[in-house]
Amino acid sequence: MEKIVNDFTINIATANGTGSQSANLILLNALFRMGTHASGKNLFPSNIAGLPTWYIVRVSDYGYQAPGDNTHIQVVMNIDTWSEDIEKLAPGTVLIHNTDVKAPVNRDDLIVYPVPMTSMARKINPKLSKMVANMIYVGIMAEMLEIPQDILEEAISKQFGGKEKAIEINSQASISGREYFKSELEKKDHFYVEKREKDENRFLIDGNEAVALGCIYGGINMLSWYPITPSSSLAEGIDKYIPKLRLDKDGKSTCAVIQAEDELAAVGMVLGAGWAGARGMTCTSGPGISLMSELIGLAYYAEIPSVIWDVTRVGPSTGLPTRTQQGDISMLYEASHGDTQHIVLIPGNVDECFEFGWKAFDYAEKYQTMVFGFTDLDLGMNLWASNGFEYPDKPMNRGKVLRTQEELEKIENYGRYRDVDGDGIPYRTLPGSGLEPIVSRGTGRDEDGVYSEKASVYRTNMDRLKKKIEGSRTDLPQPVFREEEEQDLGIIYYGSMENTIQEIDDILESTGMKVSQCRVRALPLSPEVDEFVRRHKKIIVLEVNRDGQMYGILRKEIATELVPKLYSVAFSDGLPPKAVEYAEAIIGTLESFEI
Amino acid sequence: MAKVNKLDLALDEYKGGKSTLCPGCGHDAISSVIMKAAWENSITPDGIAKMSGIGCSSKTPAYFLRQSHGFNTAHGRMPSVTTGANMANKDLNFLAVSGDGDTASIGIGQFIHAIRRNLNMLYIVENNGVYGLTKGQYSATAEEGSQKRKSVPNELKQIDLCAMAINLGCSFVARSFSGSRKQLTALIRAGMSHRGMAVIDVISPCVTFNNNEESYKSLQYVKNNNEELHGLDYIPHFNPIEEVEIPSGGYKEVKLHDGSYLRLETISEEHDVGDRMMALDAIHNADVKDKHVTGLLYFQEGIPTLDETENLVDTPLAELSEDMLRPSKETLDDLLTGFRA
């Protein structure tokens with residue numbers, strides 16, 4: 001059998017809280033250092049310790065980043081999922097198992113590497129044997145796949161950043177695994193890793209940290225937040241970078257961080273900061289958005305610049321709190337009672353997480369409205385490859401704020417809610433300035449900000465708000481296209497599906513289809529999306545939720561005659577999207593409509 | 001010529017729009033005291049931020065201080081919005097008005113946490129024991145046994161906002177009555193001079209739904225059952241001698257953050273405002289007799305405010321220029337180099 005190089009998926013089954021995460025990250029980092037396209041997905045339970053967790057590493061010379069549909073190398077450490085994990089393996093799969101777990105392997109059609117990992121770890125450090133055992137399987141795989149030890153050592157050093165003792169123990173454990181494979185096992189599989197030319201610009205980072213840095217460079221003044229998975233690490237990221245990047249020469253901060261009592265308060269603080277002229281933000285997940293909805297409407301109607309990042313998890317209700325879904329997109333777009341419409345920025349990779357992180361504040365202040373950032377657990381909490389973040393290419397846009405009497409006097413017929421420029425965006429003055437003060441409110445008001453229940457006043461104001469948000473369509477991040485000449489079938493997708501789309505496209509192409517793609521990067525939709533639909537004969541709207549939420553938005557927003565071209569392919573099981581599953585669903589949908 | 005204050009402003013400059021509340025509403029009396037207090041204290045109207053939630057009381061910021069920006073937020077959410085605005089601009093003078101529904105029910109969590117953070121604000125509760133705008137349902141501050149118009153007696157125990165604030169360590173806690181103009185003026189002026197969270201719970205009779213003789217919060221009932229802890233005089237820092245006469249009996253003075261004083265004149269026995277247990281006792285003793293105790297219940301100077309614990313730069317965050325807000329390109333390059341290592 002021929003060598004299989006840089007084209008396989010590893011699945012590592014452990015229990016939560018056993019320290020496997022650092023071992024898995026070391027493996028991923030070593031593969032990344034070798035220049036391969038490696039990606040890692042952490043499937044973890046809603047639990048601190050004890051419940052099963054899986055880490056999936058994909059290595060692909062094609063650049064595929066989605067978790068593979070099939071497992072090629074399975075590591076089993078956890079008694080609770082032992083038999084289930086082994087049972088579902090395809091014949092010929094490599095199985096690396098910890099013999100100290102003392103559980104049976106009742107399969108004779110696998111390539112089995114039994115290793116007494118816990119006993120080996122105990123010899124290195126008896127107290128930490130449970131944790132160190134994880135580095136044994138990394139050592140085994142390093143030897144088996146031919147990952148050089150010096151690269152593994154680099155990855156270990158990076159992981160433990162200067163903690164000499166930890167570096168020493170983990171290095172010993174990896175060598176011990178390596179030696180065991182050499183002396184006690186014979187390589188019977190065909191999987192190998194080979195070095196590729198590494199793009200020195202690339203590095204691994206998760207979306208939450210990328211957004212956090214984007215906010216820091218976007219001049220965030222106040223972060224209010226209430227802990228919720230999977231958004232907490234975004235808030236903690238901001239908190240982490242403030243001492244390094246946002247203190248003045250006397251060590252005083254230019255950004256307040258408040259852990260709020262709940263999400264209602266977190267969003268209230270954002271509105272307060274925005275109203276008073278600062279850049280306020282909160283981050284949360286679906287349940288938090290539900291709680292914030294009342295004040296989201298107030299921000300829209302009273303025209304208060306506000307930013308919320310929603311790192312989506314599986315709903316409804318508590319749902320699967322540690323699993324991923326694109327389940328909030330329709331909620332975000334129209335959150336709150338009455339007629340509302342919000343700007344939603346949808347990054348599809350970590351570089352855009354950084355970019356949209358700072359841009360969100362500019363849009364919020366420019367349009368004087370609520371701006372959402374939309375990511376999900378997959379993009380937010382898993383490591384993705386970055387090409388490097390671009391420093392903001394334009395100065396901060398603070399919007400139409402009148403700060404002095406002279407500025408105010410230049411505006412003819414100023415009124416807080418008067419459309420002076422014809423773009424629907426009014427001017428505002430800030431508390432403390434004494435300039436044309438009003439009482440901001442969620443009740444009806446006229447163009448001067450005076451309470452009013454007049455029918456015509458209400459309607460004119462609502463039309464202006466609509467016009468204001470409409471104006472953002474061509475100003476927001478525009479869609480990214482990859483188009484075929486044929487223009488027969490097009491796929492519209494968004495967000496973290498970016499990780500899977502290339503592989504889906506290759507699978508479809510292998511069946512003879514030529515498929516164009518349009519990645520939506522913001523709501524309200526760009527007119528370019530309309531044009532994309534118009535150019536193609538039929539359009540698949542691909543997303544990770546049950547009901548086809550973006551499909552619904554498209555149906556409502558694109559030209560009526562284009563609607564019959566749209567077909568929804570949408571489902572969700574909590575896992576990051578796998579390519580074969582979605583490609584098959586696309587083919588199935590096309591077949592079911594006989595198109 | 002109209003009389004002017006230290007800023008050369010007439011009282012008219014502190015007025016607002018026409019009230020739309022019921023004629024005779026206690027809240028209008030409080031609004032009038034707020035205007036007078038701000039004027040007498042010579043506070044720049046520009047620097048005041050009027051904050052409120054939802055309800056009859058929360059409408060009142062439109063009826064005073066028209067030269068100040070205001071935010072009539074959402075029901076029970078005024079404390080969090082004020083928190084954010086405070087972080088954005090710590091130089092603003094926050095004057096907040098809320099009601100018993102807004103504070104003791106839907107917003108009780110935010111009220112508690114604003115106290116816990118010691119927000120630098122004056123928080124006035126206009127407390128009438130009923131929801132006015134929705135036509136007279138009991139609120140959580142209605143006393144057990146108190147009875148509103150055309151209704152059955154209230155069955156549940158009241159939430160005492162002052163007792164709760166004292167327990168939470170609030171640095172300035174007072175109770176007053178919309179009908180006690182002199183006492184209320186002194187307390188509001190003192191609250192404006194205080195640095196940190198000042199809570200003033202003002203019993204403010206609802207003339208439409210809760211002003212019958214069976215109600216413990218009717219105008220007449222409060223007049224008859226008001227136990228004043230002390231007589232109160234406010235002595236401004238800019239005019240320490242002329243404004244008030246020295247009392248003939250015993251008195252104590254509380255020095256406020258801006259150098260003003262609140263003079264507490266002993267009525268029957270001396271109340272020690274620095275003693276938390278004595279303050280809670282006073283509330284309890286009045287409560288068992290179905291009385292209302294009014295005056296400065298508790299005071300503590302020097303607790304750090306949220307903007308202090310946040311260690312913010314001296315300039316309000318809302319006024320910082322871009323060079324203070326966006327780190328340099330070099331810092332980003334350094335970070336990326338570290339990520340790539």
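- Proximity of F71(B) to V439(A): side-chain heavy atoms (C-beta onward) are nowhere separated by under 4.5 Å.
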Item to check | Criterion salt bridge (charged side-chain N to carboxylate O under 4.0 Å, His left out) on R117(B) and E261(A), from CA distance to verdict | outcome: CA-CA 11 Å; R117(B) 297 187 181 104; E261(A) 54 270 36; 2.8 Å; yes
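- The most heavy-atom pairs under 4.5 Å with chain B, out of V270(A), I258(A), D250(A), come from I258(A).
- If you measure heavy-atom distances from L213(A) to chain B, the contacts under 4.5 Å come from the side chain alone.
- Put simply, the side chain of F354(A) reaches to within 4.5 Å of the side chain of L332(B), judged on heavy atoms.
- Heavy-atom contacts from other residues, nucleotides or ligands closer than 6.0 Å to OH of Y226(A) number 12 or fewer.
- The pair E390(A)-K329(B) does not meet the salt-bridge criterion, since no charged nitrogen lies less than 4.0 angstrom from a carboxylate oxygen.
- Using a 4.5 Å heavy-atom threshold, the side chains of N72(B) and S440(A) count as separate.
- Put simply, OG on S52(B) and CZ on R441(A) are 8.5 Å apart, with the number rounded to the nearest 0.5 Å.
- R340(B) contributes no side-chain N or O that, together with a main-chain N or O of F203(A), makes up a donor-acceptor pair within less than 3.5 Å.
- The greatest number of non-hydrogen atom pairs below 4.5 Å with chain B, out of G449(A), G219(A), A273(A), G280(A), is found for A273(A).
- Residues Y217(A) and S328(B) come closest through the heavy atom pair CE2-O, 3.7 Å.
- Side-chain polar atoms of H69(B) and T429(A) form a donor-acceptor pair below 3.5 angstrom.
- If you measure heavy-atom distances from M78(B) to chain A, you find no contacts under 4.5 Å at all.
- We find that E294(A) and R77(B) are joined by a salt bridge, their nearest charged nitrogen and carboxylate oxygen being less than 4.0 Å apart.
- For M87(B), the part lying under 4.5 angstrom from a heavy atom of chain A is the side chain only.
- Only the side chain of L306(B) comes within contact range of chain A, judged by heavy atoms closer than 4.5 Å.
- To the nearest 0.5 Å, the span separating CZ on F361(A) from CZ on R326(B) amounts to 10.5 Å.
- Both the backbone and the side chain of N201(A) come within contact range of chain B, each with at least one heavy atom under 4.5 Å from a heavy atom of that chain.
- Rounding to the nearest 0.5 Å gives a distance of 11.5 Å between CG of L204(A) and CZ of F339(B).
- Atom SG of C255(A) sits about 8.0 Å away from atom CG of L317(B), to the nearest 0.5 Å.
- Proximity to chain B involves both the backbone and the side chain of M396(A), based on heavy atoms less than 4.5 angstrom apart.
- Taking OG of S68(B) as the start and CD1 of I438(A) as the end, the distance is 13.0 Å to the nearest 0.5 Å.
- Per-residue heavy-atom pair counts under 4.5 Å with chain B were compared for A265(A), A278(A), G268(A), and the maximum is reached by G268(A).
- L295(A) approaches A74(B) most closely through the heavy-atom pair CD2-CB, 3.4 Å.
- Contacts between L264(A) and chain B at a heavy-atom distance below 4.5 Å involve backbone atoms as well as side-chain atoms.
- The candidate from G297(A), A266(A), G251(A), P392(A) with the greatest count of non-hydrogen atom pairs under 4.5 Å with chain B is P392(A).
- For the pair P327(B)/R246(A), a side-chain contact is recorded, criterion being any heavy-atom separation below 4.5 Å from C-beta on.
- At a 4.5 Å heavy-atom cutoff, the contact between R398(A) and chain B is made by side-chain atoms alone.
- Of the two parts of T331(B), the backbone and the side chain both hold a non-hydrogen atom closer than 4.5 Å to a non-hydrogen atom of chain A.
- Counting heavy atoms from C-beta outward, W275(A) and M51(B) have side chains that approach closer than 4.5 Å.
- For K198(A), the NZ atom is densely surrounded, since the number of other residues' heavy atoms within 6.0 Å is greater than 12.
- In this structure, the side chains of L245(A) and L335(B) come closer than 4.5 Å at one or more pairs of heavy atoms.
- Between A88(B) and A276(A), the closest heavy-atom pair is CB-CB, 3.6 Å.
- The OG atom of S433(A) lies 9.5 Å from the CD atom of E319(B); values are rounded to the nearest 0.5 Å.
- The candidate from N89(B), L92(B), T44(B) with the greatest count of non-hydrogen atom pairs under 4.5 Å with chain A is L92(B).
- Residue with the most contacts toward chain B among G218(A), G388(A), P395(A), S224(A): P395(A) (heavy-atom pairs, distance under 4.5 Å).
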Item to check | Verdict with supporting geometry, T73(B) and L271(A), side-chain contact (heavy atoms from CB on, under 4.5 Å) | outcome: CA-CA 9 Å; T73(B) 65; L271(A) 264 69; over 6 Å; no
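- Interface remark: of the candidates V257(A), V267(A), I205(A), V257(A) forms the most heavy-atom pairs closer than 4.5 Å to chain B.
- Using a 4.5 Å cut-off between heavy atoms, E154(A) makes no contact with chain B at all.
- Proximity to chain B (any heavy atom under 4.5 Å) is shown, for Y451(A), by neither the backbone nor the side chain.
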